[in-house]
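Just so it is clear, the values below take in all heavy atoms, side chains as well, and ignore hydrogens, waters and symmetry mates. Every chain is numbered from 1 and lettered A, B, ... according to where its sequence line falls, protein lines coming before strand lines. This is a predicted model, so every value here is computed, not measured.
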Amino acid sequence: MTLMPAAPAPPATTPQTSTLLHAPVIDWFRAHARDLPWRRPEAGPWGVMVSEFMLQQTPVNRVLPMYEQWLARWPRPADLAAEAPGEAVRAWGRLGYPRRALRLHAAASAITERHGGEVPRDHAKLLALPGVGEYTAAAVASFAYGQRHAVLDTNVRRVFARAVTGAQYPPNATTAAERRLARALLPDDEPVAASWAAATMELGALVCTARTPSCGRCPIADQCAWLAAGSPAHDGPPRRGQTYAGTDRQVRGKLLAVLREAVSAVPQAALDAVWHEPVQRARALDGLVADGLVEPLPGGMYRLPLT
DNA sequence: CACCCGTGGCA
DNA sequence: TTGCCAAGGGT
């Protein structure tokens with residue numbers, strides 16, 4: 001066996017392998033990005049933050065009209081903070097996960113009190129806000145302020161799983177390895193990194209989709225490890241599906257729907273009508289009260305929270 | 001870390 | 001029709 005010539009050490013100016021992905025993905029984004037309202041300059045950091053809360057586990061198409069309504073009604077954090085939290089819950093409509101509305105209201109209050117009404121730029125300060133986790137803090141810092149952060153949402157995780165790792169789907173929970181990979185792939189230059197974050201998310205949302213990816217339209221198909229391996233089916237633990245019918249969540253949804261429609265406080269009987277099983281019904285109502293989504297009043301009356 | 005938390009569209 | 005899935009966060 002002959003000795004292969006040693007590979008020459010790459011000159012310092014040679015880009016690392018990962019950067020071969022940057023230009024095609026960012027170029028694709030420039031050509032194909034959707035014109036979403038929270039991407040327009042006039043959205044501002046508050047618009048970005050509102051959109052990020054709404055987009056948590058909720059599709060873009062359902063968020064669009066709610067986003068417009070919210071920004072028209074509450075153009076600044078202080079405007080929302082001045083309202084009762086119940087008004088945020090009511091205006092949330094049927095977006096789902098109404099605790100997000102409560103947390104967004106609480107975040108607006110914190111921004112008003114602690115940050116002079118301006119959405120903070122600092123990642124740690126963003127992370128300290130109610131309802132802002134690792135993803136949302138990075139997203140706001142990156143999209144609203146152009147900073148360099150690894151933005152690791154379900155779309156990006158899937159793109160990396162396929163293109164780099166060669167797996168059809170990422171792990172159920174975000175792993176340290178994924179965070180490491182996301183940081184390693186992040187372009188050095190700050191504005192380029194911000195473009196990369198938005199571009200990889202959009203690629204996952206439009207092309208590298210969960211069910212039937214459009215690999216024929218993918219700008220990095222020629223570099224995709226999963227495609228190169230013949231698009232092998234997912235192996236590993238199945239992502240456990242979420243049943244809904246008959247759960248407390250469904251009951252909570254029905255109870256809250258009654259309170260959202262009501263102009264003022266609602267009697268117990270009106271809530272009892274939405275679900276036949278009294279034990280589960282009571283548990284669901286108790287849960288809503290415990291979460292601060294419902295305010296119990298004397299005399300068995302209930303309403304959305306005023307404070 | 002596993003589980004809880006809404007809702008609706010689509011294959 | 002029925003799962004699957006959608007820019008997660010909190011406990």
Side-chain angles (χ1 to χ4, degrees), chain A residues 29 33-34 36-39 43 47-67 89 92-104 106-107 126-144 149-159 168-176 178 182 197-206 208-213 234 237-260 274 280 283-284 286-294:
Chain A
F29 182 64
R34 291 166 292 179
L36 300 171
W38 45 87
R39 285 178 178 162
V48 171
M49 173 167 281
V50 170
S51 77
E52 290 303 335
F53 270 76
M54 291 183 169
L55 287 164
Q56 291 170 5
Q57 298 285 281
T58 303
V60 166
N61 288 332
R62 297 223 326 268
V63 165
L64 284 168
M66 289 294 113
Y67 172 84
V89 174
W92 200 251
R94 305 186 66 79
L95 271 185
Y97 292 141
R99 293 191 294 191
R100 291 181 293 166
L102 226 42
R103 289 175 184 145
L104 182 49
L126 288 166
L127 197 54
L129 296 173
V132 176
E134 182 183 348
Y135 161 77
T136 302
V140 172
S142 181
F143 302 154
H149 290 283
V151 179
L152 207 49
D153 80 321
T154 186
N155 291 303
V156 177
R157 294 180 63 219
R158 188 172 55 250
V159 169
Q168 185 180 21
Y169 296 118
N172 282 330
T174 306
T175 63
E178 287 182 278
T200 47
M201 279 183 62
E202 191 78 337
L203 186 63
L206 297 184
C208 192
T209 53
R211 285 171 182 163
T212 52
H234 180 73
R239 285 95 42 87
R240 44 169 300 134
Q242 38 182 345
T243 54
Y244 182 65
T247 61
D248 285 6
R249 287 154 83 168
Q250 185 184 21
V251 184
R252 286 167 58 110
K254 287 177 175 295
L255 292 170
L256 207 55
V258 171
L259 293 165
R260 273 199 313 265
V274 307
Q280 188 180 26
R283 186 174 62 233
D286 285 349
L288 289 171
V289 172
D291 287 346
L293 284 163
V294 173

Assign [X] to base, sugar-phosphate, or nothing according to its heavy-atom contacts below 4.0 angstrom with the strands shown.
X: A:Leu256; result: nothing
X: A:Ala139; result: nothing
X: A:Thr136; result: sugar-phosphate
X: A:Gly133; result: sugar-phosphate
X: A:Leu36; result: base
X: A:Tyr169; result: sugar-phosphate
X: A:Val132; result: sugar-phosphate
X: A:Gln250; result: nothing
X: A:Asn61; result: nothing
X: A:Trp92; result: nothing

Could you tell me the separation between the [atom1] atom of [X] and the [atom2] atom of [N], rounded to a whole number of Å?
X: A:Leu64; N: B:dG9; atom1: CG; atom2: C1'; answer: 15 Å
X: A:Tyr67; N: C:dA6; atom1: OH; atom2: C1'; answer: 19 Å
X: A:Arg103; N: B:dC4; atom1: CZ; atom2: P; answer: 16 Å
X: A:Lys254; N: B:dC5; atom1: NZ; atom2: C1'; answer: 17 Å
X: A:Asp248; N: B:dC3; atom1: CG; atom2: P; answer: 16 Å
X: A:Tyr97; N: C:dG10; atom1: OH; atom2: C1'; answer: 12 Å
X: A:Leu127; N: C:dG9; atom1: CG; atom2: P; answer: 9 Å
X: A:Leu259; N: B:dG6; atom1: CG; atom2: P; answer: 13 Å

Record whether the side chain of A:Arg62 comes under 3.5 Å of the base of B:dT7 through a donor-acceptor pair of N or O atoms.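 Checked by distance alone, the answer is yes.
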Has the side chain of A:Thr58 got a donor or acceptor atom sitting under 3.5 Å from an opposite partner on the base of B:dG6?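 Pair found.
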Name the closest nucleotide to the [X] side chain, picking from [options].
X: A:Gln56; options: C:dG8, C:dA7, B:dC5; value: C:dG8
X: A:Ala210; options: C:dA7, C:dG8, C:dA6; value: C:dA6
X: A:Arg260; options: B:dT7, C:dG9, C:dA7; value: B:dT7

Using the [atom1] atom as the point on both nucleotides, what is the distance between [M] and [N], in whole Å?
N: C:dT11; M: B:dG6; atom1: P; result: 14 Å
N: C:dA7; M: B:dA11; atom1: P; result: 15 Å
N: B:dC5; M: C:dC5; atom1: C1'; result: 16 Å

Would you call A:Phe53 and A:Thr58 a side-chain contact if the rule is heavy atoms closer than 4.5 Å? no
Any A:Val140 side-chain heavy atom under 4.5 Å of A:Thr136 side chain: yes
Checking A:Glu202 side chain against A:Arg34 main chain: does a donor-acceptor pair fall under 3.5 Å? yes
Between [N] and [X], is there an OP1 or OP2 to side-chain N/O distance shorter than 4.0 Å?
X: A:Tyr244; N: B:dC5; answer: no
X: A:Gln57; N: C:dG8; answer: yes
X: A:Arg252; N: B:dG6; answer: yes
X: A:Arg94; N: B:dG8; answer: yes
X: A:Arg158; N: C:dA6; answer: yes

Would you kindly compare A:Gly131 and A:Asp153 by the position of their nearest DNA chain C nucleotide and give the one closer to the 5′ end? A:Asp153
Most 5' of A:Leu129 and A:Val60 on DNA chain C, judged by nearest nucleotide: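 Going by which nucleotide is closer to the 5' end, it is A:Val60.
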Going by side chain to side chain contact (heavy atoms under 4.5 Å, CB included), A:Val294 matches just one of A:Leu255, A:Leu256, A:Val89, A:Asp286. Which one? A:Leu256
Could you give the distance from CG (A:Leu293) to CG (A:Leu259), rounded to the nearest 0.5 Å? 10.0 Å
Residue pair [X] / [Y]: nearest heavy atoms and the distance that separates them:
X: A:Gln250; Y: A:Tyr244; answer: CA-OH, 3.3 Å
X: A:Asp291; Y: A:Leu102; answer: O-CD2, 3.4 Å
X: A:His149; Y: A:Ala138; answer: CB-CB, 4.0 Å

Nearest nucleotide by nearest heavy atom, which residue falls closer to the 5' end of DNA chain B, A:Thr247 or A:Pro59?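 With A:Pro59 and A:Thr247 compared, the 5'-side residue is A:Thr247.
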